[in-house]
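Step one of this worksheet: look at the structure below.
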Amino acid sequence: MVNLSFKIGNLSFKNPVITASGTCGYGIELEDFISLEKLGGIIVKGMTLKPREGNPYPRMVETPSGMLNSVGLQNNGIEYFEKHIYPRLTGLDTNVMINVNGSTIEEYVELAERISHLEKIPAIELNISCPNVKMGGMAFGTNPVTAREVIKSVRKVYSRILIVKLSPNVTSIEEFAKIAEDEGADAISLVNTLLGMAIDVKKMKPSLATITGGLSGPAIKPVAVRMVWQAAKTVKIPVIGIGGIMNEIDALEFIMAGATAIQVGTALFIDPSVPCKIITGIEQFLVERGFEDYSLLIGYINKNF
Amino acid sequence: MVNLSFKIGNLSFKNPVITASGTCGYGIELEDFISLEKLGGIIVKGMTLKPREGNPYPRMVETPSGMLNSVGLQNNGIEYFEKHIYPRLTGLDTNVMINVNGSTIEEYVELAERISHLEKIPAIELNISCPNVKMGGMAFGTNPVTAREVIKSVRKVYSRILIVKLSPNVTSIEEFAKIAEDEGADAISLVNTLLGMAIDVKKMKPSLATITGGLSGPAIKPVAVRMVWQAAKTVKIPVIGIGGIMNEIDALEFIMAGATAIQVGTALFIDPSVPCKIITGIEQFLVERGFEDYSLLIGYINKNF
Amino acid sequence: MAKLIRDFKVLNNTKITQDYFILELVSPEKLQNLMPGQFVQVRIDGSRETFLRRPFSVHDLDYDKNSIKILVQIAGKGTEKMSKLLPGEILNIIYPLGRPFSEPNKGENILLVGGGSGVAPLLFLAKHIKQLEINPDILLGFKSQQRIIETEEFEKYGRVFITTDDGSAGREGLVTEHPLLLKGKYDRIYCCGPEAMMKAVVSLAKSRNIFCEVSLEHLMACGIGICLCCIVKTTRGNICTCTEGPVINANELLW
Amino acid sequence: MAKLIRDFKVLNNTKITQDYFILELVSPEKLQNLMPGQFVQVRIDGSRETFLRRPFSVHDLDYDKNSIKILVQIAGKGTEKMSKLLPGEILNIIYPLGRPFSEPNKGENILLVGGGSGVAPLLFLAKHIKQLEINPDILLGFKSQQRIIETEEFEKYGRVFITTDDGSAGREGLVTEHPLLLKGKYDRIYCCGPEAMMKAVVSLAKSRNIFCEVSLEHLMACGIGICLCCIVKTTRGNICTCTEGPVINANELLW
Ligand SMILES: Cc1cc2nc3c(=O)[nH]c(=O)nc-3n(C[C@H](O)[C@H](O)[C@H](O)COP(=O)(O)OP(=O)(O)OC[C@H]3O[C@@H](n4cnc5c(N)ncnc54)[C@H](O)[C@@H]3O)c2cc1C
Ligand SMILES: Cc1cc2nc3c(=O)[nH]c(=O)nc-3n(C[C@H](O)[C@H](O)[C@H](O)COP(=O)(O)OP(=O)(O)OC[C@H]3O[C@@H](n4cnc5c(N)ncnc54)[C@H](O)[C@@H]3O)c2cc1C
Ligand SMILES: Cc1cc2nc3c(=O)[nH]c(=O)nc-3n(C[C@H](O)[C@H](O)[C@H](O)COP(=O)(O)O)c2cc1C
Ligand SMILES: Cc1cc2nc3c(=O)[nH]c(=O)nc-3n(C[C@H](O)[C@H](O)[C@H](O)COP(=O)(O)O)c2cc1C
Ligand code: FES
Ligand code: FES
């Protein structure tokens with residue numbers, strides 16, 4: 001058997017396939033399609049301290065090989081999660097992680113602190129890259145000063161595994177990767193969505209109520225792979241690759257570029273069972289090519305060219 | 001009849017459809033498919049002072065709804081153009097423009113100066129956004145200081161129509177749009193390609209000889225439309241929209257977002273006759289909707305929302 | 001009911017007008033139980049224009065043949081492609097999805113109101129209601145005589161009333177101007193159609209204090225409650241129309 | 001010759017092995033003149049995986065029927081889709097593209113060397129040479145007997161010699177180990193096949209001072225000289241294989 005397990009800090013993952021925040025609900029919604037325990041991990045939908053209504057409808061539009069969304073972090077807040085969702089997830093033999101959001105540094109910190117008391121949540125993903133909120137999110141993650149500040153502040157109160165999710169809407173992804181590493185992140189994940197927009201030409205108006213939204217899906221994969229490659233060459237902490245992964249070939253592309261793990265997002269909308277197919281597919285590739293450990297493929301193109 | 005003509009500075013264009021640099025050769029290559037005189041303009045392939053061999057093969061790979069290229073400004077230099085190509089283009093009743101490149105500011109300036117002596121070239125497009133050259137190109141266009149310097153220097157020696165082509169690989173497109181306007185550009189064009197990369201998983205190596213390349217095609221359209229919208233709200237000079245335009249609906253999307261004109265790039269590879277279809281399509285749309293002038297649609301969504 | 005992803009096979013593809021066709025699709029196994037108002041998410045493979053799945057209401061079904069029917073209006077790239085499907089071809093489907101129309105009680109007076117592709121879920125509903133030994137009244141609005149679809153089918157299950165915008169068939173005008181809606185004595189109204197029509201029906205029903213449910217056709221990315229794109233603002237806050245709808249009680253809507 | 005964009009109609013689609021099929025395509029008008037070595041750019045519509053056109057050599061043609069044949073190896077998504085084309089379906093094509101093989105002189109001894117999908121342009125070439133009253137020798141390499149294609153067709157135009165990697169048919173080994181290539185007296189060698197094979201043939205031909213042309217299958221985005229993606233390094237610098245190739249003289253290559 002080939003080895004698919006890996007670690008971030010002291011946290012073990014059974015395989016490198018994780019479902020991406022905002023695209024897998026609380027995980028529970030996928031249970032009809034896959035056994036969640038097969039996954040390397042689940043990152044539940046973007047959470048905030050207080051419940052958020054999110055942005056007005058329409059919130060999505062299909063684009064060539066992708067989609068734009070402007071959900072805007074609709075969620076019921078941490079309290080609802082603690083009461084209604086957390087109890088249903090604690091028994092799961094996989095890493096359930098929370099995507100942490102705030103409009104101010106204080107909110108980020110308060111939420112991270114509160115999550116640190118949830119025993120069965122071994123890691124958080126600090127989202128400083130949501131393009132769909134007016135305050136916080138991408139505004140933090142595209143400015144080196146505020147990015148550093150929010151990571152530093154959260155790191156102070158959160159001692160478990162801290163993953164920082166980076167925005168692709170920056171001139172230099174290396175700069176932000178380095179900041180995350182410097183401030184003590186255990187891993188970085190990238191990319192969040194690219195800021196995009198679409199107009200319904202027939203109706204002569206913007207397709208989204210918020211005009212702009214976040215672009216995801218295969219369309220962004222070449223940009224995401226490039227950024228993962230750049231980031232992985234810059235930092236020593238693990239990089240989690242995200243962006244347009246539809247199958248095991250896409251997943252392996254990120255891994256060969258330098259990703260230690262990958263997240264599946266938009267693909268879940270088309271085939272909610274796809275994470276398991278990806279795990280099997282990676283396994284098969286390793287067997288066919290005679291690799292005993294998938295980690296031999298991490299950054300393969302750097303080692304060999 | 002509806003009006004499709006417009007002006008940049010004192011330069012008239014018969015319609016807003018222009019072929020993009022690097023995707024239409026010297027224009028001549030398209031003559032089997034379209035009558036060049038029907039076009040609003042042609043921007044011939046990226047030119048440098050001296051001939052350039054460009055990057056090694058392989059230079060392109062298909063990606064979801066797009067492609068990566070790493071041509072790297074292969075061209076025969078200005079002298080070859082003056083001798084062999086220019087004479088064939090001077091009779092054309094359309095705007096033939098040159099995409100100007102350099103590895104140093106001096107090279108940009110020298111080339112622009114030289115082109116200013118070519119009477120039948122009414123405009124240049126200053127390319128500070130090529131992602132496929134080690135020196136110059138995107139390195140200039142993603143740094144506000146060098147961007148300003150190169151535009152300022154070229155503006156000094158070039159008094160005809162100066163279009164500055166911006167890179168999408170920046171945190172704030174508004175910043176660079178403003179710099180171009182401040183330094184006296186007559187128009188800006190955007191976007192050039194997004195920096196991307198792909199790996200041939202079966203061969204376990206990068207798909208491009210240069211590893212990274214420029215992403216073009218419909219995949220980037222949502223990002224390009226967003227940037228055009230942002231730029232058009234920031235500057236008063238005309239904005240030329242580029243990125244994934246395949247048909248008149250796409251073209252109108254850019255125009256409604258704020259573009260005064262548009263360029264067709266990768267679409268030419270699939271259908272070299274497409275610019276004429278786009279012109280007719282825009283015309284038809286105007287007639288159907290009862291607009292007498294396409295300029296009524298420029299930035300339509302801003303005026304009406 | 002567990003949601004399934006299954007390769008259905010096209011049994012037949014029947015063109016009914018220029019814009020409409022009906023696909024009959026056979027499940028590879030025993031068909032899951034489906035209720036009127038529920039929908040399926042169809043995967044249209046292989047195009048950059050049809051990246052996401054497309055939702056369609058169940059128009060009819062046959063547990064003996066293990067088949068469902070969907071009535072499809074050609075609205076764009078995806079439905080255009082679907083219109084060309086040939087018998088024997090495969091269509092990947094996620095089902096059953098969404099909350100169905102609520103069950104009427106025996107002896108109630110029922111009115112179904114539909115327009116355009118909104119008639120799709122109503123046929124299955126009418127059939128279901130008929131099985132409860134209720135003969136519903138069915139009010140269907142169309143643009144013109146040429147646009148009329150499926151009325152013969154509906155006649156099997158209840159009294160059918162037609163309006164056309166131009167008066168070329170049935171009563172001239174909108175369904176919302178029909179006396180049935182304005183004065184008819186009903187315990188329940190079920191409605192599906194263009195949003196403007198549903199809004200008018202909801203406001204009439206509310207003012208006349210009649211129980212009313214509408215089936216919304218909001219843009220969906222996933223159809224299974226994981227993307228939060230398909231929301232509608234209600235008295236309970238934003239709810240997902242794919243999991244808590246598409247059928248929504250009129251009183252909950254903030255229209 | 002002006003390049004055209006035309007909707008060709010599939011006349012037939014013939015499977016020849018698991019991996020290969022031949023499409024016969026009819027022009028909507030009088031077929032333009034085409035020469036051996038030239039190619040067409042095929043548009044495979046509607047998929048995000050097949051965004052660009054795909055180049056294929058002309059395998060055969062019939063000016064009376066106004067049809068061309070292309071021999072296609074299933075190599076990926078695009079060719080997979082093409083393999084499913086049915087008679088009557090439309091395939092949009094740009095043609096004629098590229099520079100053909102140079103004309104041999106009367107009385108010359110000619111050797112054609114091909115392997116895999118590289119045999120495609122050679123059939124048209126063999127037919128053409130035969131019309132010049134030359135009987136070419138044709139040396140074709142395959143993996144195994146099961147992989148052999150089109151040899152009966154080739155026999156119409158010259159003497160056919162086969163090699164297979166495993167010796168299951170013809171001579172065991174590579175074409176480049178065949179005595180014909182090592183010792184045969186030829187004025188010209190024309191070659192198309194996998195790059196490794198062409199490199200070996202070129203080096204043999206050069207060392208034996210025989211005129212040699214190869215047809216390259218470089219990745220192409222446009223096929224008409226506007227993207228500069230398909231280059232090969234030559235003694236004349238980088239040249240586009242789509243306009244100055246695909247047929248290149250061995251002496252120009254820097255292999
Ligand atoms: C729960 C539900 C049930 C539906 N039932 C039916 C039905 O029984 N019969 C029927 O003909 N139609 C039904 N629709 C609408 C149908 O899903 C759309 O017409 C279809 O998705 C359009 O796809 P397209 O690719 O042809 O159009 P596109 O080219 O994608 O777009 C054309 C138009 O269709 C709209 N549209 C696109 N995608 C969706 C989507 N996912 N949901 C809603 N509208 C969309 C667009 O806004 C646009 O105006 C239903 C929609 C929902 C949400
Ligand atoms: C001038 C020329 C003539 C050709 N003639 C023939 C022929 O007669 N018969 C035949 O079977 N094949 C021929 N080919 C190769 C053929 O174009 C490719 O096999 C085809 O494009 C693969 O498309 P796909 O979508 O199936 O593969 P993809 O899924 O796109 O890729 C599969 C493999 O094919 C290669 N490939 C993809 N696109 C191209 C391309 N545009 N050009 C070359 N290779 C590509 C890829 O590198 C990859 O290794 C020719 C190529 C050229 C350049
Ligand atoms: C509908 C939707 C909602 C999302 N919500 C979140 C979120 O709450 N937090 C977050 O960090 N990323 C969010 N994302 C971004 C994804 O997690 C992922 O980074 C992005 O979609 C790129 O991956 P993909 O192309 O595989 O979808 C969302 C994406 C989509 C499409
Ligand atoms: C093969 C290729 C070569 C290009 N060469 C140049 C160039 O020389 N100069 C330039 O400014 N842009 C160049 N571009 C960028 C295009 O002009 C255009 O900005 C970009 O491709 C986005 O538009 P599109 O999606 O319509 O292709 C090139 C693009 C491609 C695909
Ligand atoms: S469509 Fe995704 S939550 Fe409803
Ligand atoms: S394929 Fe574009 S120049 Fe040859």
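We name chains A, B, ... by the order of the sequence lines, and we start the count at 1 in each one. Only a predicted model underlies this, so the values are computations on that prediction, with no experimental measurement involved. Scope of the values below: all heavy atoms of this structure, side chains included, with no hydrogens, waters or symmetry mates.
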Checklist entry - Could you state the interatomic distance from CD (A/E53) to NZ (C/K233), rounded to the nearest 0.5 Å? => result 5.0 Å

Look at atom [atom1] of [X] and say whether more than 12 heavy atoms of other residues, nucleotides or ligands are closer to it than 6.0 Å.
{"X": "C/K30", "atom1": "NZ", "answer": "yes"}
{"X": "C/Q18", "atom1": "CD", "answer": "no"}
{"X": "C/K206", "atom1": "NZ", "answer": "yes"}

Next on the checklist: Check C/R53 with A/E62, please: is the shortest side-chain N to carboxylate O separation under 4.0 Å?
Outcome noted: no

Checklist outcome for this item: Within residues 268-279 of chain A, the residues sitting under 4.5 Å from chain C by heavy atom, in sequence order, are A/L268, A/F269, A/I270, A/D271, A/P272, A/S273

Checklist entry - Taking non-hydrogen atoms and a cut-off under 4.5 angstrom, which of residues 22-52 of chain A neighbour chain C? => result A/G22, A/T23, A/C24, A/G25, A/E29, A/L30, A/D32, A/F33, A/K45

Checklist entry - So what's closer than 4.5 Å to chain C heavy atoms on A/N75: side chain, backbone, both or neither? => result neither

Next on the checklist: When you compare the side chain of A/Y57 with that of C/N238, does any pair of heavy atoms fall below 4.5 Å?
Outcome noted: no

Checklist entry - Which pair of non-hydrogen atoms, one from A/N69 and one from C/C229, has the smallest distance, and what is that distance? => result CB-SG, 4.3 Å

Checklist outcome for this item: Residue from C/Q41, C/M220, C/K3 scoring the most non-hydrogen pairs under 4.5 Å with chain A is C/K3

Checklist entry - For chain A, which of C/N92, C/L4, C/I231 has the most heavy-atom pairs under 4.5 Å? => result C/I231

Next on the checklist: Under a 3.5 Å distance rule, please check whether A/R59 uses its side chain to pair with a backbone N or O of C/L228 as donor and acceptor.
Outcome noted: yes

Item to check | ring pair (Phe, Tyr, Trp, His ring centres under 6.0 Å): pairs with one or both residues in residues 63-86 of chain C, sequence neighbours excluded | outcome: none

Next on the checklist: If the condition is salt bridge (charged side-chain N to carboxylate O under 4.0 Å, His left out), which residues does C/D64 pass it with, not counting sequence neighbours?
Outcome noted: none

